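Predicted model, so just to flag it, every value in this text is computed and none were measured. In what follows, every heavy atom counts, from backbone to side chain, and hydrogens, waters and symmetry copies are set aside. All residue numbers refer to positions in the sequence shown, counting from 1.
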Amino acid sequence: MLNNFKVVTDSLMHHGLLQPTTHPNINNVGKAYSLLIELDREGTPRMIRFLEKEETGKLWRHSKGNHNSFPAIRVHKPLLTTSESEKIDGKVWGKAKRSGKIRLLDDLDYNSVNTECKEIRLSDWSKQQLGGVLESNIPELAALKQLLSVFPDTSKNTEFISKLLTVLRQKVMTCDNTAELDLIKELLVGTLDEKKGKYIAGCMTYYEIYETNDYPNLVATDATRKVLTALLNREMKEDSVANQQTTVSYLSGKPGEGISKYPSPNLPILGDTYFYSKKSDILCLTRYNMSGVNAFHANRDEVMAMNDAITFLTQESRHKKTWKAIGDCNHDKPDLLLAYLTEDPQNDALLAEMLGDPSDYEDEELYQEEYESRFETLCHQVLGDMKYVMEKEPMSRVNLMILETLDVGRKQVAYENFMTVEQFRNNLLSWSEAARNQPESNIRIRARKNKKKIVPYGVAYPGPNDICQLLKIHYTRSGMAKLMKQSAVSIQEIYRLYMPTEHDKRNDVAFYKDILRRVLEKCLYFLGDIGQQLTMYYVLPAKKRSYRQAKNAALFLGLISIVLWRLGVRKENYMLDVPFNVGQFLQLADTLHKEYCIQVRNKGQKDAALPMQLMGNEMLAIASERPVEGLNRLRDRMRIYLAWAKTTVGGDSGLVEQILMRFGEVSLKISSGDLPETFNDVEQAQVLIGYLATIPDEKKQNEEENSK
């Protein structure tokens with residue numbers, strides 16, 4: 001990833017946005033329950049506070065990898081002896097209520113200190129590395145300086161634990177949080193590891209000063225972290241000047257101080273991400289003394305600048321602007337999308353959201369009510385914030401990079417691309433136009449809050465994340481849906497469709513047809529089932545599953561419409577063509593079958609059960625592929641229903657008469673064209689759209705046009 005990050009770094013450096021905000025030995029504490037322990041001026045524990053996982057994850061620590069961590073210390077050995085650990089049975093503890101847990105902890109002998117627990121101490125390495133803090137007079141480091149000066153070393157470890165046990169016992173008697181009691185129990189006596197045959201604590205502790213009002217900021221704050229980072233970076237630079245060993249960078253070809261350790265920033269979504277890692281004992285490398293960092297020479301300043309660059313792009317305030325989570329086409333875990341403008345990396349346009357998931361909604365009902373305006377509003381915001389850059393330098397680039405997780409230790413670039421801002425703008429506008437390449441659909445759903453309200457779905461604008469997730473779902477003929485790990489399209493194909501080059505637009509007919517084929521394979525039965533439900537019940541019910549189905553149906557129609565648009569097939573033309581009207585004909589057959597069942601089989605009872613499958617839906621799969629065969633088989637099925645429709649009187653005869661009129665209009669359009677033996681993929685897509693599209697009342701439309 002070094003080569004990929006160098007491009008980002010050069011852009012940020014050009015605009016003066018690189019600040020030394022990171023240090024290889026300062027990183028975040030992992031998300032876990034923890035105990036924050038406050039020490040007074042004498043180094044005596046005075047107060048203990050329980051921290052949730054999210055709170056702990058925001059804290060910083062100084063460490064050498066996973067060793068010599070401070071002020072966060074994970075205590076692996078219990079504070080009390082094994083004889084005390086044996087007093088609490090794991091099963092009894094698990095079943096006990098809060099009061100019972102307090103009694104179990106109160107029965108322990110808090111004077112029985114485990115002398116083998118030597119982990120709560122300030123290591124020699126930490127003393128040496130943080131020595132500059134003790135010598136400094138920087139106000140923001142005063143609290144950390146105080147903590148370092150009173151924190152126990154190995155010689156005072158047992159005495160400190162004895163004092164800590166006194167405070168822990170007091171905390172147990174007043175504790176009203178079961179999760180906190182569980183953590184204190186782990187610290188005191190641990191849990192038996194049957195494989196190792198000993199008790200393991202594994203409790204995270206964090207240390208802070210007690211006299212909070214005497215200092216401008218506390219140890220755990222970002223202010224302390226930032227100033228400490230600056231101090232350590234300055235010391236590192238001074239040491240490198242004094243002991244400079246130059247090496248020629250494989251990245252830039254320039255001489256400079258070599259890197260002794262590649263950083264591993266903790267990125268959102270991905271976690272710890274190693275810039276460069278290689279097995280240390282590869283024979284073909286060790287033979288030439290090229291193990292570790294010697295296998296790939298890079299200048300320290302270059303690598304640290306890359307670390308600062310990636311930190312800038314992924315800071316929390318840049319969420320949806322320069323970074324966002326996006327689905328992985330081959331795995332369940334999400335990937336990290338990075339996007340930025342080379343000429344304005346700190347631009348506030350929601351660029352990452354636009355390039356990753358422009359229809360990101362937590363609430364399905366909110367999506368259903370606002371998705372169309374959402375995409376248009378997001379387009380307006382992004383293009384508005386980029387307007388200055390587009391006017392000043394239309395050939396400026398939008399850079400896009402997606403990082404994926406291979407395993408715990410390895411992350412890699414899954415996709416990388418760049419485009420000019422002019423190309424980016426044109427692609428957004430054409431995507432918006434392409435999604436509207438469809439007539440009004442019948443997709444309607446009942447509102448959850450107000451069930452009398454029926455809200456129709458309009459145009460849906462699928463983004464890359466939507467396409468990835470849609471094409472992971474496998475629908476069967478029985479209506480069952482199964483989520484697969486792998487999507488039917490790759491991330492490269494998704495962006496080739498979403499953000500094509502001018503060359504792609506002109507020469508990708510075969511690619512678009514192949515994408516359309518895969519989309520149809522995924523959605524044929526699903527859209528057929530949704531269309532039948534809407535014919536039967538007019539509206540989908542106010543259920544979570546129905547909201548998800550309606551959203552997916554709208555997104556599938558949007559995706560099909562976009563691919564047709566890319567192929568030059570426009571709705572103004574295809575709505576008059578045979579395939580679309582075959583779909584409309586099948587929808588009318590369903591409607592006729594439904595009305596017959598209500599009026600004849602159910603004797604007018606509209607709430608009575610209907611057949612599991614209507615006749616138009618039964619022929620959809622056949623007619624969309626072999627229209628002549630499908631319509632011939634449908635004709636045989638329809639005879640009895642048409643005979644009834646032509647002779648029915650009273651009741652809902654007016655509705656039946658309208659159905660027959662629509663049959664006549666649609667049949668006229670089909671007869672005016674050629675009906676082939678088979679439909680290709682483009683024509684099959686039009687059949688599906690026609691099956692779900694609202695059937696227009698042409699007589700009414702003509703009257704309105706004449707009146708105008």
Side-chain angles (χ1 to χ4, degrees), residues 441-446 451 454 457 473-483 520-554 556-557 582-627 629-645 648 651-652 655-656 659-660 662-663 666 684 687-695:
S441 75
N442 286 329
I443 302 175
R444 295 173 289 266
I445 195 161
R446 201 175 295 280
K451 293 189 177 180
I454 296 175
Y457 269 71
I473 306 172
H474 179 67
Y475 295 95
T476 63
R477 190 66 188 90
S478 62
M480 298 297 291
K482 182 180 179 181
L483 184 64
L520 292 175
E521 287 175 354
K522 288 289 186 179
C523 73
L524 175 61
Y525 294 133
F526 170 66
L527 290 181
D529 289 341
I530 292 295
Q532 179 175 252
Q533 286 184 58
L534 290 164
T535 299
M536 284 182 169
Y537 310 113
Y538 182 73
V539 61
L540 297 176
K543 296 180 180 179
K544 186 175 181 180
R545 180 171 180 266
S546 297
Y547 274 93
R548 185 168 58 251
Q549 287 180 329
K551 174 184 174 180
N552 287 348
F556 266 127
L557 286 178
V582 167
Q584 299 262 277
F585 193 91
L586 296 174
Q587 183 189 149
L588 284 168
D590 282 345
T591 309
L592 177 63
H593 191 182
K594 170 192 170 184
E595 289 305 316
Y596 174 85
C597 292
I598 291 174
Q599 296 188 37
V600 178
R601 195 180 77 167
N602 298 339
K603 299 180 180 179
Q605 296 181 21
K606 294 187 177 180
D607 295 333
L610 293 170
M612 291 293 292
Q613 189 173 28
L614 299 175
M615 60 181 177
N617 183 264
E618 184 181 353
M619 297 299 164
L620 176 62
I622 300 171
S624 63
E625 186 174 347
R626 302 185 300 277
E629 179 185 346
L631 292 179
N632 283 337
R633 292 172 65 173
L634 182 61
R635 178 187 59 193
D636 296 336
R637 286 284 312 275
M638 286 178 62
R639 282 179 180 149
I640 184 174
Y641 305 107
L642 286 174
W644 163 79
T648 186
D652 291 327
L655 177 57
V656 175
I659 294 173
L660 292 176
R662 300 291 87 74
F663 262 127
V666 172
Q684 287 183 43
V687 174
L688 269 182
I689 294 176
Y691 186 66
L692 280 102
T694 301
I695 299 176

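Panel note: side chain S624, backbone L620; a donor-acceptor pair is recorded below 3.5 Å. Looking only at distances, no side-chain donor or acceptor of D590 sits under 3.5 Å from a matching main-chain atom of Q532.
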Kindly indicate, with the supporting measurements, whether the criterion side chain to side chain contact (heavy atoms under 4.5 Å, CB included) is fulfilled by L688 and L557.
-> CA-CA 9 Å; L688 269 182; L557 286 178; 5.7 Å; no
Given side chain to side chain contact (heavy atoms under 4.5 Å, CB included), test T591 with R662 step by step and report yes or no.
-> CA-CA 11 Å; T591 309; R662 300 291 87 74; over 6 Å; no
Going through the distances and angles, do Q549 and D529 end up as a side chain to side chain donor-acceptor pair (under 3.5 Å)?
-> CA-CA 10 Å; Q549 287 180 329; D529 289 341; over 6 Å; no
Acceptor/donor pairs from residues 630-639 side chains to any protein atom, 3.5 angstrom cut, sequence neighbours excluded:
residue: N632; atom: ND2; partner: V628; partner atom: O; Å: 3.2
residue: R633; atom: NH1; partner: E629; partner atom: OE2; Å: 3.4
residue: R637; atom: NH1; partner: E618; partner atom: OE1; Å: 2.5

Ignoring hydrogens and angles, write down the donor-acceptor pairs under 3.5 Å from the side chains of residues 533-543, residues two or more places apart or on other chains.
residue: T535; atom: OG1; partner: G531; partner atom: O; Å: 3.1

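With values rounded to the nearest 0.5 angstrom, K606 atom NZ is found 7.0 Å from E595 atom CD. Rounding to the nearest 0.5 Å places NE2 of H593 at 11.0 Å from CD1 of I598. The line from CH2 of W644 to OH of Y596 is 8.5 Å long, rounded to the nearest 0.5 Å. Atoms CD1 and CZ, from I443 and F556 in turn, are 11.5 Å apart once rounded to the nearest 0.5 Å. Once rounded to the nearest 0.5 Å, the distance linking SG of C523 with CG of N552 reads 11.0 Å. Rounding to the nearest 0.5 Å places CD1 of I695 at 7.5 Å from CG of N442.
Here E625 pairs with nothing under the salt bridge (Lys or Arg N to Asp or Glu O under 4.0 Å) rule; sequence neighbours left out. Under the salt bridge (Lys or Arg N to Asp or Glu O under 4.0 Å) criterion, E521 pairs with R517, not counting sequence neighbours. Among residues two or more places apart in sequence or in another chain, the ring pair (Phe, Tyr, Trp, His ring centres under 6.0 Å) test is passed with F663 by F585. By the salt bridge (Lys or Arg N to Asp or Glu O under 4.0 Å) test, R444 pairs with no residue at all, sequence neighbours left out.
Contact detail for K594 and L614: the closest heavy-atom pair is N-CD2, 4.3 Å. The minimum heavy-atom distance between G528 and N617, with the atom names listed, is O-ND2, 2.8 Å. Of all heavy-atom pairs spanning Y547 and Y457, the tightest one is O-OH, 3.9 Å. Closest approach of T694 to S441, counting heavy atoms only: OG1-O, 3.4 Å. Across all non-hydrogen atoms, the minimal contact from G616 to A589 is CA-CB, 4.0 Å.
Counting heavy atoms of neighbouring residues, nucleotides and ligands inside a 6.0 Å radius, atom CD1 of I640 does not exceed 12 of them.
Using a 4.5 Å heavy-atom threshold, the side chains of L527 and Y475 count as separate.
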